[in-house]
Trainee: 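Have a look at this one before I ask anything.
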Amino acid sequence: MSRRCQWYNHPLDCSSSFATLQVLTVSQLNPRQQEAVRYIEGPSLVLAGAGSGKTSVITRKIAYLIEHCGIPARQIAAVTFTNKASREMKERVSKLVSKPASRGLTVATFHNLGLTILKEEHDHAGYHPGFSIFDAEDARALLRDLLMQDNQETGDEAGDAQMKISDWKNACLLPSEALSRASDEREQRLALIYKRYGEYLRAYNAVDFDDLIMLPVILFRDNPEVLIKWQGRIRHLLVDEYQDTNLSQYELVRQLVGHRHGLTVVGDDDQSIYAWRGARPENLVQLKDDFPSLKIIKLEQNYRSTRLILRAANTLIANNPHVFEKALWSELGTGEKIRVLRCRSEDSESERVATEILDRKLRSGLKFSDFAVLYRGNHQARLLEMKLQAYNIPYRISGGTSFFAKNEIKDAMAYLRLLINTNDDTAFLRIVNVPRREIGPRTLEQLGIYARARGIGLISALQAMGAASHVSERGLDKLRRFSEWLERTTQRLREEDPIAVIKQLFSDIEYDEWLHQNSNTPKQAQKRMENVWYLVDSLQKMMSPDPEKDREESTLEDAVSRLVLRDMLERQEEEDDDDKVQLLTLHASKGLEFPHVFILGLEEELLPHRASIEEQNIEEERRLMYVGITRARETLTLSFAAQRKQYGEKYETIPSRFLDELPEEDLAWEGMGDLDKEANQKRGKATLSALLGDLGD
DNA sequence: TAATGTAGAGTTTTT
DNA sequence: CTCTACATTA
């Protein structure tokens, strides 16, 4: 077994070696890591550079707490941001700690933890059991309706409103507080929308994603005795990727920890690339003030990359201001120089990368899956895709339309939500006419007016509505029929096997036929129906107990809400080890590693991106570049195009300033030799004129 | 209801 | 340029 193996993130590389390590939990770590694992006297912050084994520290600390400190697993909670990270963590813990000993351990995402709290304490928050969770699209649809209601104009602002409301919720501001802090007329208007949005959600017995964090925080604030109960339940809290927490998440952490010491957070300020969606890397610094006894431990030994790659990363990131100084070092070899490919056009850039991958694979006996191509924006993948296809190179693109974005899945989920929560009007509106029930917009409009006047849900409204209303006889009849069928199905759900009832539901509505009518090809229709059955299968799996995976029996309610949070158990993991070149955005690459990495488009306005230059937010772009560089284990290749087509027109580009920030002696430039100086001059001029422009204005 | 036309935009993404 | 969303038309 190679010594390096244990640090690799890929469970595939090392799964077999873990089983025997139980007793060795701490001893195989380096001194810094050991210190991080063993320190339990107070709150600690582990500043873990890229590739320094941070997941190992968390998982081994969990094992240490359980086996060495005798803390029951049920009193330990580890929190991550993504389901993927939490799945991986669970897997790795299970290899360190025996099943009975790890029983009751909580490893969850922030949102899942919030959901657990909210489910148990729903009455303190004014919610009923079985509440729905609105995803971003549901929330936007509701906001669009609200905006159109009083504005009688378009709901164009829905996206803006959603972002603003999300900001407010992330800061734990209630509508009234948002209103009193509103600085201009527009914010006031949005704050009023926020208020009504909240009222509607409550009427629907629904929460949105942000509520899953904010509502527990408010609930704990208002009910100290409930907080004490949860503090008693979680005695040690571990937080992964701490630099990605937003204000409300930090608040939740602070509440749960209270005045006690059981807190371990792991993070890297240099890998904070999500500030644009509310993450506050300042939370790392704040921690020192909030917990004066905070112990700070730095992990600087990198087990992933060659020295030259790390030197490039360190040199680049040194251009950012730092509160915590940190320099990665490595015992792995020096490695090859970092190559910089100068290309004539974006077309030749893709061409070059494709041929290069093919050439290197054949020459060095590598696999396609040893290569990854990273870029700033998704559109950059398109050209590359064509080239890869032309050379018959298999590839995998991250971030295609997700399973849950598919229409058939949204429909199916809406049916499920409606079964659990009749007040979920958004779900009702989505499927009331899917498949066709000849219930038109006019009928629904009238029903909506009736319901709104009385402040009740649409289904309640239609049950209460008499013939005297403005709804046509015909429309009312159709609606009634639908609601009665729904009522019957809900009833049966309580008496029979839920999965059987759900299967029956889809055959009742003849969903298969509907899909065939509304798909382009029979093949596609079949595929879509299979997706629905896959969903039902997942539900079934999630509901049935599995002692292997420490999973207890759960209700349909529970399973559906976890599904909305995309917390599907195992999904398409087998496909991952296919031998394919990986194409991903720099953002999506965080947390991953590859032997050979290409980063495309090192040009001003692209990387750093134009919007970031305008907002003067170069530092986050630099961190993005840093994340990209530190993904590489053995070789790193950067490229840029001298000319790029943008919106149909050709533009001369300027090489990225980040190229200047790398150690010159470690770079090997290739291609278009004489354009070298020209490009540099161009960049010099541009920077100069930008400077002059600033002064001039 | 489906099909065609046209205006407008055009980072990063998870839950 | 290319894709999306919405509106107008048959």
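Naming convention: chains lettered A, B, ... in sequence-line order (proteins, then strands); numbering from 1 in each chain. The figures here come from the full heavy-atom set of this structure, side chains too, leaving out hydrogens, waters and symmetry mates.
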Trainee: Counting the atoms with a prime plus P, OP1 and OP2 as sugar-phosphate, which does A:Tyr647 contact under 4.0 Å by heavy atoms, base, sugar-phosphate, or nothing?
Mentor: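 If one applies the 4.0 Å heavy-atom cut-off, A:Tyr647 turns out to touch a base.
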Trainee: Closest approach to the side chain of A:Ala136, judged atom by atom: which nucleotide of B:dT12, C:dT2, B:dT15 is it?
Mentor: B:dT15
Trainee: From the set B:dT12, B:dT11, B:dT15, return the single nucleotide nearest to any side-chain atom of A:Phe209.
Mentor: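 Of B:dT12, B:dT11, B:dT15, B:dT15 is nearest to the side chain of A:Phe209.
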Trainee: Taking donor-acceptor contacts at under 3.5 Å, does the side chain of A:Arg376 reach the base of B:dT12?
Mentor: yes
Trainee: What contact category does A:Glu615 fall into here, base, sugar-phosphate, or nothing, at under 4.0 angstrom with non-hydrogen atoms?
Mentor: base
Trainee: With a 4.0 Å cutoff (strictly under), does any side-chain N or O of A:Asn83 reach OP1 or OP2 of B:dT14?
Mentor: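 For A:Asn83, the contact criterion (side-chain N or O under 4.0 Å from OP1 or OP2 of B:dT14) is not met.
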Trainee: For the pair made of CD in A:Glu137 and P in B:dT14, what is the distance, rounded to whole Å?
Mentor: 14 Å
Trainee: Measure the distance from CZ on A:Arg140 to P on B:dT15 and round it to the nearest whole Å.
Mentor: 17 Å
Trainee: Starting at atom CZ of A:Arg644, determine the distance to atom C1' of C:dT2, rounded to an integer number of angstrom.
Mentor: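 In whole Å, C:dT2 C1' and A:Arg644 CZ are 16 Å from each other.
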Trainee: Considering just the side-chain nitrogens and oxygens of A:Ser612, establish if one lies under 4.0 Å of OP1 or OP2 belonging to B:dT11.
Mentor: no
Trainee: Rounding to a whole Å, what distance do you find between A:Asp244:CG and B:dT14:P?
Mentor: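 Atom CG in A:Asp244 sits about 12 Å away from atom P in B:dT14.
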Trainee: I want to know whether A:Tyr534 and A:Phe403 have ring centres closer than 6.0 Å.
Mentor: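 So the answer is yes for these two rings.
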Trainee: Give a yes or no answer on whether the side chain of A:Asn421 reaches the backbone of A:Tyr204 with a donor-acceptor pair at less than 3.5 Å.
Mentor: yes
Trainee: Can A:His609 be classed as stacking with the base of B:dT11, given a centroid separation cut-off of 5.5 Å and a plane angle cut-off of 30°?
Mentor: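 Aromatic stack with B:dT11 present for A:His609.
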Trainee: How close or far is atom C1' of C:dC1 from atom NZ of A:Lys650, stated in whole angstroms?
Mentor: 13 Å
Trainee: What does A:Glu614 touch in the nucleic acid at a heavy-atom separation under 4.0 angstrom: a base, only the sugar-phosphate, or nothing?
Mentor: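 Nothing, no heavy atom under 4.0 Å.
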Trainee: Give me the distance, rounded to whole Å, that separates B:dT12 from C:dA5 when you measure between the P atoms they each carry.
Mentor: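 My reading of the P atoms in B:dT12 and C:dA5 gives 15 Å.
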Trainee: Select base, sugar-phosphate, or nothing to describe what A:Asn378 touches, counting heavy atoms under 4.0 Å on all strands.
Mentor: sugar-phosphate
Trainee: Holding to salt bridge (charged side-chain N to carboxylate O under 4.0 Å, His left out), I want the full list of residues that pass it with A:Glu408, two or more places apart in sequence or in another chain.
Mentor: A:Arg528
Trainee: What's the verdict on side chain to side chain donor-acceptor pair (under 3.5 Å) for A:Gln271 and A:Gln243, showing C-alpha distance, side-chain angles and the deciding distance?
Mentor: CA-CA 8 Å; A:Gln271 290 187 71; A:Gln243 75 284 349; over 6 Å; no
Trainee: What is the distance, rounded to the nearest whole Å, between atom CG of A:Leu374 and atom P of B:dT13?
Mentor: 12 Å
Trainee: Specify whether A:His587 and A:Tyr274 have parallel, tilted or perpendicular ring planes, treating 30° as the upper limit for parallel and 60° as the lower limit for perpendicular.
Mentor: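 Plane angle between 30° and 60°, so tilted.
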Trainee: To the nearest Å, give me how far apart CD1 (A:Ile213) and C1' (B:dT15) are.
Mentor: 8 Å
Trainee: Between C:dT2 and B:dT13, how many Å separate the two C1' atoms, rounded to a whole number?
Mentor: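 Straight-line distance between the two C1' atoms is 23 Å.
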Trainee: Got a salt bridge between A:Asp244 and A:Lys590, using NZ or NE/NH1/NH2 to carboxylate O under 4.0 Å?
Mentor: yes
Trainee: How close or far is atom P of B:dA9 from atom CD of A:Glu649, stated in whole angstroms?
Mentor: 18 Å
Trainee: Which sits closer to the 5' end of DNA chain B, A:Ala588 or A:Arg436, going by the nucleotide each is nearest to?
Mentor: A:Arg436
